[in-house]
Amino acid sequence: MQGKTYQYIAEQVASVKPSAVGHTIRGHRLPVTCVGVSRDEKHAFSGGKDSLVCMYDVETSKALQKWKGDKAGKTGHTGHVLSLAVSDDGKFLATGGRDSLINVWDLRSQTLVDALKGHRDAVCGLQFQMGTHRLYSASRDRTVKLWNVDDMGYMETLYGHALPITGIDVLRRERAVSVGEDRTLRVWKIAEESQLILRGHGGSIDAVCMLDEQQFFSGSQDGSLC
């Protein structure tokens with residue numbers, strides 16, 4: 001694709017033997033769809049198709065809390081949990097679900113604070129801007145939304161993707177990167193109210209990770225990593 005850069009990483013990839021795995025943490029009855037770790041690396045989080053959100057102690061591998069959804073949506077998600085993000089200060093956990101909701105949990109009291117409503121389809125990606133409580137969400141409704149979790153308020157909606165969005169990432173600047181089934185990677189420059197569109201993959205782009213504000217990886221169903 002135009003604008004693509006290549007950087008040397010390694011000559012070979014070493015496989016990891018099962019014996020090298022430090023801990024196996026169990027807590028879900030159905031497949032796990034998303035995981036996350038707090039900035040201090042003390043706590044891990046997971047969400048699954050069983051509508052369960054779990055919090056673990058990384059050192060002991062013990063489950064500290066499990067939030068189980070119900071049909072009414074009063075205690076959690078009503079369907080699959082598809083995405084999650086932890087704020088840098090460890091205060092908030094945000095989870096996105098097939099029910100189109102973003103649940104915000106206060107990790108100090110380990111309670112559900114509020115549900116952010118606005119997406120019209122499953123929420124497939126969540127990310128806190130580093131050092132803030134500004135939350136970015138990506139959905140199958142083809143939009144990216146910005147939220148201020150401090151006041152549980154909606155801020156802005158970003159339009160551009162022609163098909164469902166599958167992933168999103170953001171670092172410290174007001175600049176997010178999203179990918180989707182339309183085979184595009186979009187760099188959103190929030191302050192400038194503009195977006196940069198990159199193409200090159202031959203299939204749906206399902207994963208993205210920012211290395212810094214200028215470089216990022218994307219993984220596609222075409223089997224390639226850019």
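As a basis for the values below, the full set of heavy atoms in this structure was taken, side chains included, without hydrogen atoms, waters or symmetry mates.
- For Ser100, there are no side chain to side chain contact (heavy atoms under 4.5 Å, CB included) partners two or more places apart in sequence or in a different chain.
- Residues Ala138 and Ile165 share a closest heavy-atom pair of CB-CG2, 3.6 Å.
- Leu112 and Val149 fall into different hydrophobic clusters, where Ile, Leu, Val, Met, Phe, Trp and Tyr residues are linked whenever their side-chain heavy atoms come under 4.5 Å apart, directly or through other members.
- Partners of Arg108 according to the salt bridge (Lys or Arg N to Asp or Glu O under 4.0 Å) rule, which considers only residues two or more places apart in sequence or in another chain, are Asp106.
- Between Asp169 and Met210, the shortest heavy-atom contact is OD2-N, 2.7 Å.
- A continuous path of ILVMFWY side-chain contacts below 4.5 Å connects Met130 to Val177, so both sit in one hydrophobic cluster.
- Thr33 is linked by a side-chain hydrogen bond (donor to acceptor under 3.5 Å, both in side chains) to nothing, counting only residues two or more places apart in sequence or in another chain.
- Listed by chain and residue number, His23, Ile25 satisfy the side chain to side chain contact (heavy atoms under 4.5 Å, CB included) test with Ser61 (two or more places apart in sequence, or in another chain).
- One hydrophobic cluster holds both Val113 and Phe128 under the rule that ILVMFWY side chains link at heavy-atom gaps under 4.5 Å.
- Contact check on Asp88 versus Arg39 returns a salt bridge, with a Lys/Arg side-chain nitrogen under 4.0 Å from an Asp/Glu carboxylate oxygen.
- Pairs passing the salt bridge (Lys or Arg N to Asp or Glu O under 4.0 Å) check and including a residue from residues 116-137, sequence neighbours excluded, read Arg134-Glu174.
- Distance alone, capped at 3.5 Å, places no donor-acceptor pair between the Ser51 side chain and the His80 backbone.
- Sorted by first and then second residue, the pairs that involve residues 83-106 and meet ring-ring contact (aromatic ring centres under 6.0 Å, His included), not counting sequence neighbours, are Trp67-Trp105, Phe92-His133.
- Scored by the side chain to side chain contact (heavy atoms under 4.5 Å, CB included) test, Lys189 finds Arg175, Glu192, Ser194 as partners (sequence neighbours excluded).
- Cluster membership check: Val208 shares its hydrophobic cluster with Val187, using side-chain heavy-atom separations under 4.5 Å among Ile, Leu, Val, Met, Phe, Trp and Tyr.
- Cys34 approaches Ser83 most closely through the heavy-atom pair SG-N, 3.5 Å.
- Here Arg173 pairs with nothing under the salt bridge (Lys or Arg N to Asp or Glu O under 4.0 Å) rule; sequence neighbours left out.
- Note that OG1 of Thr166 and CG of Asp206 are 5.0 Å apart. Values are rounded to the nearest 0.5 Å.
- Residues passing the side-chain hydrogen bond (donor to acceptor under 3.5 Å, both in side chains) test with Lys49: none are found, sequence neighbours excluded.
- For the pair Asp50 (side chain) and Arg29 (backbone), a donor-acceptor distance under 3.5 Å is present.
- Tyr56 and Ser46 share a side-chain donor-acceptor pair at under 3.5 Å.
- Interatomic distance, Leu64 CG to His43 NE2, rounded to the nearest 0.5 Å: 5.5 Å.
- To the nearest 0.5 angstrom, Asn103 atom CG is 9.0 Å from Thr75 atom OG1.
- Residues passing the salt bridge (Lys or Arg N to Asp or Glu O under 4.0 Å) test with Glu213, sequence neighbours excluded: none.
- Atom CG of Leu93 is separated from atom CG of Leu107 by 5.5 Å, given to the nearest 0.5 angstrom.
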>> Could you go through Ile168 and Trp188, starting from their C-alpha distance and side-chain angles, then the distance that decides it, and tell me whether this counts as side-chain contact (heavy atoms from CB on, under 4.5 Å)?
In response: CA-CA 10 Å; Ile168 192 166; Trp188 305 90; 5.7 Å; no

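- We find the CZ-CG distance between Phe216 and Leu198 to be 5.5 Å, quoted to the nearest 0.5 Å.
- For the residue pair Ser38 and Asp40, the shortest heavy atom distance occurs at OG-OD1, 2.6 Å.
- Pairing each heavy atom of Leu135 with each of Leu116, the nearest pair is CD2-CD1, 4.4 Å.
- Scanning for salt bridge (Lys or Arg N to Asp or Glu O under 4.0 Å) contacts around Asp150 gives an empty result, with sequence neighbours left out.
- Expressed to the nearest 0.5 Å, how far OG1 of Thr184 lies from NE2 of His201 amounts to 10.5 Å.
- Following chains of ILVMFWY side-chain contacts shorter than 4.5 Å, one cannot reach Val58 starting from Met55, and the two form parts of different hydrophobic clusters.
- Within a 6.0 Å radius of CZ in Arg98, other residues, nucleotides and ligands contribute 12 heavy atoms or fewer.
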>> Run the side-chain contact (heavy atoms from CB on, under 4.5 Å) test on Thr95 and Phe45 for me, step by step, so that the C-alpha distance in whole Å, both residues' side-chain angles and the decisive distance to 0.1 Å come before the verdict.
In response: CA-CA 10 Å; Thr95 59; Phe45 304 87; over 6 Å; no

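- Here Ser137 pairs with Ile102, His119, Val123, Leu126, Lys145, Trp147 under the side chain to side chain contact (heavy atoms under 4.5 Å, CB included) rule; sequence neighbours left out.
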> Would Leu158 and Gln195 satisfy side-chain contact (heavy atoms from CB on, under 4.5 Å), going step by step from the backbone distance to the final call?
Replying inline: CA-CA 9 Å; Leu158 307 177; Gln195 60 178 287; over 6 Å; no

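- For the pair Gln214/Asp212, a side-chain contact is recorded, criterion being any heavy-atom separation below 4.5 Å from C-beta on.
- Nearest heavy atom pair, residue Ser178 against residue His161, reads OG-NE2, 2.8 Å.
- With a 6.0 Å radius and a threshold of 12 heavy atoms from other residues, nucleotides or ligands, Lys42 has its NZ atom at or below the threshold.
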